[in-house]
Amino acid sequence: MAVAYNKRTHRCGELRRPHVGQHVTLAGWVNTARDHGGMAFIDLRDHTGITQLRFTPDHAAAHELARSLHNEDVIAIEGMVVSRGEWTNPKLTTGEIEVEVTNIDVLSRCDPLPFQVNDDFEAGEDLQLRYRFLHLRRPEMQEIFRLRDRIARAIREFFHEHGFVEIETPFLTKSTPEGARDYLVPSRVRAGTFYALPQSPQLFKQLFMISGFDRYAQIVRCFRDEDLRLDRQPEFTQLDMEMAFVQREDVMDIVEACVQRIFKDALNIDIPLPLPRMTEHEATERFGIDRPDTRFGLELLDVTDLMHEVDFNVFREAIDKGGVVKCIVASGGDKLTRKFTDALAEELKGMGGAGLPLTKVAQGAGGVELQTGIAKFLQPIAAKLCQKIGAVTGDTVFFMPGTNADACKYLHHVRTRLGTILDLIPKNKWDLLWVVDFPLLTWDEEEKRWASTHHPFTAPLDEDLHMLDTDPGKVRDKAYDLVLNGTEMAGGSIRIHRKDVQTQVFRILGISDEEAKEKFEFLLDALRFGAPPHGGIAFGLDRWVMKLAQANSLRDVIAFPKTQRAMCPLTNAPSPVSKKQLDELYLALKPLPNK
RNA sequence: GGGGCCGUAGCUCAAUUGGUUAGAGUACCGGCUUGUCACGCCGGUGGUUGCGGGUUCGAAUCCCGUCGGCCUCGCCA
């Protein structure tokens, strides 16, 4: 019989002992069905929880119908809340009661499922995405997206409370040089020309400052056509903000306050302020990367000077070429099996490395004795080495020769692996820090030119400005990256607000005056007409959700994400389009290369 | 573009390392069942071992190719 499903009296997670005796109307999905012949039970689920329904021959029509139900059928019921008495189920928040059903209405039957919604088995990820609407029905997914909502709302509220104006920026915009590959959108009205989807609203928010909005913030989608990773999707969401008349401390202060608010509202965790700060130089020297995970030690140590005395070709070559030898000292030797270190060395080779020289520290008759690996080369300086790097009996020392950048890259990987296998990474620790004073420019060896470390609009430090022409590699910038447990969560900078400096930076980047005019004339114009000093930041919202939800992948916190090959298994996008659509755009497809 | 792991029933996995008819749980179908709560019990359907080729007396297992998923380097101002 029909049930007024639009007049639900409660949700499925709400009923408690005080409701006993009430007539209620509930609706939801069949989580499980248990048929005992003369009596049947249904666990009814919605996003709030589960209520057990009881069906008996006292209400024969409802009872008969209930016995035919399957998982994920959609039903509405009327009934009376009754106490479970001795049959209380402590595993359910509603476990003290059940609903004696008098009337049931089957709203929608469910076909056999591609995977079960109500069990703990993880379906393959491609299946999850193909049937994403089912996967999102699971309580743990519901929890993630409600956390996402809390985080986004905390951010939005925070910025509105602090006088920021939310203004939208275009998605159909101009392709820019530098940076990531653009997603292009063909123009029909001006056939042969293309829009690009924004990699970020960077220039528009700078224009807002020049327009006098003073404080702007927007939660906005960004698009980058690059290869995907665990924590990289082609479209992702940023909290984008910008402030006028500020120095970088002003931006960092307000961002810190916002981060504190996010943790409080989303997880009820108190974050002490101010957050620690570290220069990019220190981060790289100590941890091998500009986004260090400071939850554990295993810091990098430079042993280049000691290795001058060592007769080991691999080290000698690196040093002769002006490189370094760095190392990591790890305790807990029994977990560092030959199998593990061999596999780690293989991983490094896969990354372009040469291998992983190592040795173990032991106690010999005459003092420190090194064993295995490259021990025989290092034995002459064993005592001196161990003293310098603080290695003691039982430790394993991992070495990496090469350019400083390579040694850092590979040892960072080694450090991360060691942290995991040695179980050094504390659970439920939230290590936030700022990394500052990046080099403004990074030398691109492949293209033999300077490239922006962040982007071309980042302001140099005032005290380094004089080196811009003479020694551009030495110039530090006014950028700041916010790092959480080794992941970059936000990045921003004070921007260039002087036209002459901006022109100079474009020139150093190899952007010709003509190209600058063609691509950025609107920005250079804006800088001519009264641009206040300004700066801002962008948070990777998806990454915040991933971190705070302790999810394994960005895909778990995006409702309809792409696979690694940038496909959507749900909609099958991207897909071919009709000849008519192409004709309207005056586009023709080239034949695909044969493999 | 490079390196690596994986692909067996609708789903999650196994198959003693190349050896009989590829199994289990779950889902699905039929039957029994009045206190279950991942209910239980009895019976049943369900397989081109991703695809193509090769080695072999014999291949899910080994080799080559290909497709797909994932991790990673490059790339991601």
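Numbered from 1 within each chain, the chains take letters A, B, ... in sequence-line order.
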Sort and list the pairs that fulfil salt bridge (charged side-chain N to carboxylate O under 4.0 Å, His left out) and have at least one residue in residues 552-561 of chain A, not counting sequence neighbours.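 For residues 552-561 of chain A, and leaving out neighbouring residues, the salt bridge (charged side-chain N to carboxylate O under 4.0 Å, His left out) pairs sorted by first residue read Glu125(A)-Arg555(A).
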Quick one: on RNA chain B, does Pro114(A) or Glu98(A) contact a more 5' nucleotide (nearest heavy atom)?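 The answer here is Pro114(A).
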Which residue lies toward the 5' end of RNA chain B, Arg67(A) or Arg84(A), if each is placed at its nearest nucleotide?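 Taking each residue's closest nucleotide, the earlier one in sequence belongs to Arg67(A).
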Side-chain donor/acceptor of [X] to base of [N], under 3.5 Å:
{"X": "Arg229(A)", "N": "G74(B)", "answer": "yes"}
{"X": "Arg224(A)", "N": "C76(B)", "answer": "no"}
{"X": "Glu347(A)", "N": "U72(B)", "answer": "no"}

From [atom1] of [X] over to [atom2] of [N], roughly how many Å is that when rounded to an integer?
{"X": "Leu554(A)", "N": "C70(B)", "atom1": "CG", "atom2": "P", "answer": "13 Å"}
{"X": "Glu346(A)", "N": "G2(B)", "atom1": "CD", "atom2": "P", "answer": "18 Å"}
{"X": "His413(A)", "N": "C71(B)", "atom1": "NE2", "atom2": "P", "answer": "15 Å"}

Tell me if a side-chain donor or acceptor on Tyr410(A) pairs with a main-chain N or O of Gly352(A) at a distance below 3.5 Å.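 At least one qualifying donor-acceptor pair exists.
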Closer than 3.5 angstrom, by distance alone: can the side chain of Arg224(A) be matched with the main-chain N or O of Gln199(A) as a donor-acceptor pair?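 Between the backbone of Gln199(A) and the side chain of Arg224(A) there is a qualifying donor-acceptor contact (under 3.5 Å).
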Same-atom distance ([atom1]) from [N] to [M], integer angstrom:
{"N": "C41(B)", "M": "U26(B)", "atom1": "P", "answer": "8 Å"}
{"N": "G54(B)", "M": "U16(B)", "atom1": "P", "answer": "26 Å"}
{"N": "U61(B)", "M": "A14(B)", "atom1": "C1'", "answer": "13 Å"}
{"N": "C29(B)", "M": "A15(B)", "atom1": "P", "answer": "31 Å"}

What's the closest nucleotide to the side chain of [X] if the choices are [options]?
{"X": "Gln52(A)", "options": "U36(B), A38(B), G69(B)", "result": "U36(B)"}
{"X": "Arg555(A)", "options": "C76(B), A38(B), C70(B)", "result": "C70(B)"}
{"X": "Asp227(A)", "options": "U34(B), C75(B), A38(B)", "result": "C75(B)"}
{"X": "Arg232(A)", "options": "U34(B), C76(B), C11(B)", "result": "C76(B)"}
{"X": "Gln564(A)", "options": "C71(B), C37(B), C73(B)", "result": "C71(B)"}
{"X": "Asp35(A)", "options": "U36(B), C76(B), U33(B)", "result": "U33(B)"}

Please determine if a side-chain N or O atom of Arg34(A) lies less than 4.0 Å away from the OP1 or OP2 oxygen of C39(B).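 Answer is yes, contact under 4.0 Å.
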